[in-house]
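Since this is a predicted model, take the numbers as computed values, not measurements. Whatever order the structure lists them in is the order used to number ligands and atoms, beginning at 1.
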Amino acid sequence: MATILSRSRWTSTPARGTGFNWSRIRGIVAHYPAAGKDIGVLSEAQEASRLRGWRNYHVSGRGWADIGYNYGIGQSGRIYSLRGNRAGAHATGHNSTTVGVLFIVGDNEPLTQAARDSFKALRAYLRKKGAGSGVWGHQQMSGASTRCPGPYIMSDIRNGRLSGGSGAATPGGGGGGSTYKTVNKTAPLGLYDKDPKDGHTRVADWQGDALGYTGKSVDGYFGPGTERDTKALQRQLGVKDDGLVGDDTMSAWEKAGKPKLGKSTPAPKPSPKPAPKPSGKVPGPGHAFPWPKGHYIGPKSGPDRSHSGFYDRAANGRTDREWIKEFVRQLDRRGWSVGKGKTYLTKHGNDGLYGTELGDLIEAFQREQGLTVDRLGGREVWDEAFHRPVS
Ligand SMILES: [Zn+2]
């Protein structure tokens, strides 16, 4: 039996929103905060501080009545009542029919078993109240365009690790009572949205993919420079230049072929390329993922956990570049046509460096394997390549 910590454990502000009509609640939508780097297991005081930061961002930055999510779960396993059983603002079009649960976790950080167990206990409590049995990731909701809740939680959802049986949670554990003093303006949850109920798109993604920022310019903060360039891109796209990245801007940008700011010619659309035939075997040496959890093969401009092959870093006896080459060789062993003049890595070949071509290959592999498509070679992708039979 789990305990749901009362709202007074993290804020003295009152909860806002209309109470749920339980017969309409279809299930739970899982979210992550798009906070980037790993968060790990926090103390209750640290979790409470994060929650206050996000509430402040939602209320002051976005003009919502209250924090958008209904419940929060830390890697510690602690469950917090956020809006509680009142319609939230977490998934456009689904706020009065689903319960939004925020995992306090990094973008590429697997959930702890404690967090999973708490989710299951919370779900059992909500089911008792009358909620339906659905468990979805934010990205699965109609109308959503987001990576939320990230590859690890999505994998948990797809594999039923969040929907197994468990004891019931009960609300309780009141008392304590922290005072709402901390103001944290450094935790951006997403872009400013035209529709304030919209989901979160990561600012860093927008800066890199749409505004063409590289290196340190991709700071993940929607400051004045980002706003100015967003307006310029909006003019380029022929939509209202209000600096708000909402549905109109996103759909115009996608329709135009996702051009970068200042480039009138849209990015070339990758044409579907062939995937290999099944053999039912796992070829190759079966290497374990060489980097810490949460790390991945990704852009040079990414954070520390992004391994691009451009820097002189080494892990488990090989440089990043050698590991990336080994990963590509493994896809070659699995039957993918890779190398100069081949279907993938046509121009550069297997040079051990992350760029558009390697991104395309990883994307094709993710699609083929039914993984979350983010063009990054994280642990899930690695394990799929080295340990899953070719099917
Ligand atoms: Zn979300």
Side-chain angles (χ1 to χ4, degrees), residues 17 25-39 47 50-51 53-59 61-75 79-84 86-111 115-116 118-119 122-123 126 131 134-158 162-163 187-206 209 220 222 244-247 250 372-374 376:
I25 302 295
R26 301 190 296 129
I28 302 175
V29 178
H31 298 268
Y32 71 170
K37 64 184 178 220
D38 290 3
I39 288 177
E47 286 169 345
R50 296 251 177 181
L51 292 172
W54 289 318
R55 180 188 170 278
N56 184 64
Y57 179 74
H58 286 177
V59 173
R62 293 183 158 199
W64 299 351
D66 191 7
I67 191 166
Y69 312 102
N70 299 99
Y71 290 92
I73 296 178
Q75 290 284 63
I79 308 171
Y80 295 88
S81 177
L82 305 183
R83 277 203 196 200
R86 299 171 186 79
H90 62 94
T92 310
H94 307 281
N95 289 318
S96 51
T97 52
T98 60
V99 180
V101 172
L102 173 72
F103 284 105
I104 305 171
V105 68
D107 291 13
N108 290 290
E109 185 179 7
L111 292 178
R116 289 191 193 116
S118 291
F119 182 92
L122 174 62
R123 179 166 174 261
L126 294 168
V135 176
W136 303 279
H138 185 184
Q139 59 182 246
Q140 294 176 293
M141 306 313 288
S142 60
S145 173
T146 174
R147 286 179 182 175
C148 178
Y152 288 98
I153 296 173
M154 279 315 299
S155 157
D156 279 354
I157 291 170
R158 293 204 167 99
L162 293 179
S163 42
L189 261 184
L191 300 173
Y192 298 143
D193 290 325
K194 183 168 283 181
D195 173 356
K197 289 190 194 68
D198 204 355
H200 17 106
T201 305
R202 287 188 56 203
V203 177
D205 292 338
W206 179 252
D209 298 345
F222 203 101
L244 304 174
V245 184
D247 292 344
M250 282 308 286
T372 304
V373 176
D374 61 4
L376 305 174

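Between His90 and His31, the ring planes lie perpendicular to each other; the angle is over 60°, past the 30° to 60° tilted range.
Taking the N/O/S atoms of His138 in turn, the shortest distance to the Zn ion (ligand 1) belongs to ND1. When the Zn ion (ligand 1) is compared with the N/O/S atoms of His31, atom ND1 turns out nearest.
Residue side and main chain included, Cys148 places an N/O/S atom under 2.8 Å of the Zn ion (ligand 1).
Remark: Ser155 engages Asn159, Arg161 in a side chain to side chain donor-acceptor pair (under 3.5 Å) (not counting sequence neighbours). Remark: Arg86 pairs with no residue by the side chain to side chain donor-acceptor pair (under 3.5 Å) rule, at least two apart or across chains.
For the pair Ile157/Trp136, no side-chain contact is recorded, criterion being any heavy-atom separation below 4.5 Å from C-beta on.
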